[in-house]
2 protein chains.
Amino acid sequence: MQYSNDEITRGVLAEKSGVNIETIRYYEKIALMPNPLRSDGGHRIYNKVHLKRLQFIRRCRELGFTLQDIRELLNIVDDKTYTCDDVKNRTIAHLNDIKQKIRDLKKIEKTLKNFVSECDGGLKPECPIIDTLFA
Amino acid sequence: MQYSNDEITRGVLAEKSGVNIETIRYYEKIALMPNPLRSDGGHRIYNKVHLKRLQFIRRCRELGFTLQDIRELLNIVDDKTYTCDDVKNRTIAHLNDIKQKIRDLKKIEKTLKNFVSECDGGLKPECPIIDTLFA
DNA sequence: CTTGATCCTGTAGTAACTACAGGTTTTAAC
DNA sequence: GTTAAAACCTGTAGTTACTACAGGATCAAG
């Protein structure tokens with residue numbers, strides 16, 4: 001069995017997409033990726049459509065979308081029932097989540113900075129950080 | 001069986017500490033919390049020392065420390081082998097993680113904002129966000 | 001002494017992967 | 001044509017930090 005010009009193995013798909021080879025199988029299991037064709041011996045055969053879809057998923061993940069978000073996006077794209085309005089609103093909702101996370105982390109950052117500034121870095125078993133957290 | 005002045009049940013400990021009642025059992029299982037005394041009938045009996053420890057854990061979690069970080073902190077505190085220097089360094093290391101996370105999220109925020117600004121919010125199945133992610 | 005609240009245990013589910021074992025197929029070299 | 005290594009196959013288990021449930025026991029109040 002030979003893979004023709006457009007056809008690639010899972011390993012090659014992993015390389016080209018930047019997605020872990022095991023993760024590809026995982027996405028298939030949870031039906032984010034379709035069941036691919038198989039060789040006579042049972043090896044998966046992928047093509048450019050799979051690659052595009054997997055890259056889409058990877059980019060969405062890098063932007064912090066959950067797999068559920070991505071599933072919904074892919075569904076409306078597959079259906080062609082999506083609108084720019086819908087996608088925009090989903091993106092805004094996600095952006096708001098991200099903003100909230102940044103706010104939360106900044107609060108933590110501030111607290112940690114205060115903690116660090118109160119430590120003399122001495123070598124005795126006494127520390128204002130521990131004292132505060134145990135108060 | 002009666003719980004005396006200092007002694008409290010798991011439910012009360014959960015309330016006072018702000019930690020979920022099931023989570024308390026989880027922390028015991030993974031040995032972050034010690035095995036408490038038991039009543040004749042097998043119910044857990046906690047006291048103020050448990051409460052302090054659990055609050056310490058909760059505060060650390062709220063600051064984004066992992067359970068492994070907290071385990072190490074508790075170990076050196078229990079041992080009395082901790083120093084201000086050590087705690088300070090751990091805190092700085094964690095602070096750096098937090099800073100990195102903020103940077104990562106800000107990058108995402110920027111990308112998402114760009115995406116949103118490019119959408120006209122129309123009702124047709126065409127959207128620059130989808131186009132970009134699928135490119 | 002009954003009843004309802006709380007507790008007990010073990011186990012399973014969540015998100016999003018990642019890694020492994022033990023076996024088969026494919027490919028390249030000879 | 002054979003062999004050996006690389007890549008693939010499957011199912012399953014592990015990761016983090018919980019949370020929730022079922023089915024039963026205990027506890028406190030009336």
Side-chain angles (χ1 to χ4, degrees), chain A residues 1-4 7-33 35-46 50 54 56-74 94 97 101 104 108, chain B residues 1-5 7-33 35-46 50 53-54 56-74 94 97 101 104 108:
Chain A
M1 242 273 155
Q2 288 272 44
Y3 284 76
S4 69
E7 296 173 350
I8 54 177
T9 63
R10 184 154 60 105
V12 173
L13 182 65
E15 261 178 55
K16 294 203 178 197
S17 65
V19 173
N20 185 293
I21 190 167
E22 297 284 6
T23 304
I24 294 172
R25 200 158 60 97
Y26 170 66
Y27 287 163
E28 181 183 323
K29 193 177 154 202
I30 63 167
L32 267 192
M33 289 292 289
N35 288 358
L37 287 177
R38 299 285 186 139
S39 72
D40 294 348
H43 286 202
R44 289 169 178 81
I45 302 172
Y46 294 101
H50 295 106
L54 195 50
F56 176 87
I57 296 172
R58 181 178 58 73
R59 288 176 188 138
C60 287
R61 290 293 296 130
E62 285 170 0
L63 290 172
F65 284 100
T66 66
L67 292 185
Q68 183 54 39
D69 292 337
I70 298 170
R71 182 188 302 282
E72 289 172 17
L73 275 176
L74 284 169
H94 181 55
D97 282 356
K101 276 190 182 143
D104 292 345
I108 290 175
Chain B
M1 244 273 153
Q2 286 271 45
Y3 283 77
S4 69
N5 49 353
E7 296 173 350
I8 53 177
T9 64
R10 184 154 60 106
V12 173
L13 182 65
E15 260 178 55
K16 292 204 179 195
S17 65
V19 173
N20 185 293
I21 190 167
E22 297 285 6
T23 304
I24 294 173
R25 201 158 59 99
Y26 171 66
Y27 288 162
E28 181 183 322
K29 192 176 154 200
I30 64 169
L32 268 192
M33 289 292 289
N35 287 358
L37 287 178
R38 298 285 186 139
S39 71
D40 294 347
H43 286 200
R44 290 169 177 81
I45 302 174
Y46 294 102
H50 295 106
R53 191 181 182 90
L54 195 50
F56 175 88
I57 297 171
R58 181 178 58 73
R59 287 176 189 138
C60 288
R61 290 292 298 128
E62 285 171 359
L63 290 172
F65 285 99
T66 66
L67 291 185
Q68 183 54 38
D69 293 336
I70 298 169
R71 183 188 300 283
E72 290 172 16
L73 276 176
L74 284 170
H94 181 54
D97 282 357
K101 275 192 184 143
D104 292 346
I108 289 175

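Keep in mind that what you see is a predicted model, and the values were worked out from it rather than measured. In the text below, chain A, chain B and the rest are named by the order of the sequence lines, each starting its count at 1.
Nearest-nucleotide positions on DNA chain D place His43(A) closer to the 5' end than the other of His43(A) and Lys29(A).
Close to dT25(C), at under 4.0 Å from its OP1 or OP2, lies no side-chain N or O of Ser39(A). A close approach under 4.0 Å does not occur between any side-chain nitrogen or oxygen of Tyr27(A) and OP1 or OP2 of dA16(C).
For Arg25(A), taking side-chain heavy atoms from C-beta onward, the closest of the listed nucleotides dT18(C), dT12(D), dT9(C) is dT12(D). Counting only heavy atoms from C-beta on, Glu22(A) has its side chain closest to dC20(C) among dC20(C), dT19(D), dC27(D). Taking every side-chain heavy atom of Thr9(B) into account, dC7(C) is the closest of dC7(C), dA16(C), dG11(D). In the set dC9(D), dC17(C), dT10(D), dC9(D) carries the atom at the smallest distance from any side-chain atom of Arg10(A). Here the side chain of Leu67(B) is nearest to one of dT19(D), dT26(D), dA17(D), namely dA17(D).
At least one donor-acceptor pair under 3.5 Å links the side chain of Arg71(B) to the backbone N or O of Ile30(B).
Closest approach of Ile45(B) to Arg38(B), counting heavy atoms only: CD1-C, 3.7 Å.
Residue Arg61(B) is classed as a sugar-phosphate contact, given heavy-atom separations below 4.0 Å to backbone atoms only. When heavy atoms are screened at a 4.0 angstrom cut-off, Phe65(A) is found touching no nucleic acid atom at all. Across all strands, Arg44(B) comes closer than 4.0 Å only to sugar-phosphate atoms, never to a base (heavy-atom distances). Counting any heavy atom pair closer than 4.0 Å across all strands shown, Ile30(A) reaches no nucleic acid atom.
For the pair Ile24(B) CD1 and dC7(C) C1', the interatomic distance rounds to 12 Å; values are reported in whole Å. Put simply, CD on Glu15(A) is 15 Å from P on dA6(D), counting in whole angstrom units. What separates CZ of Arg38(B) from C1' of dC8(C) is a distance of 8 Å, to the nearest Å. Note: CD1 (Ile57(A)) to P (dA15(C)) measures 16 Å, nearest angstrom. Note: CG (Asn20(A)) to P (dT15(D)) measures 18 Å, nearest angstrom. Straight-line distance from the CD1 atom of Ile45(A) to the P atom of dC9(D): 10 Å, rounded to whole Å. Distance, Tyr26(A) OH to dT10(D) P: 17 Å, rounded to whole Å. Between the CG atom of Leu37(A) and the C1' atom of dC8(D) there is a distance of 16 Å, given to the nearest Å.
Atom-to-atom distance recorded for Ile21(B):CD1 and Thr9(B):OG1 is 7.0 Å, nearest 0.5 angstrom.
For Glu62(B) and Arg59(B), the salt-bridge test fails: no basic side-chain N is under 4.0 Å from an acidic carboxylate O. The residues Glu28(B) and Arg25(B) are annotated as not salt-bridged, no charged nitrogen and carboxylate oxygen being separated by less than 4.0 angstrom.
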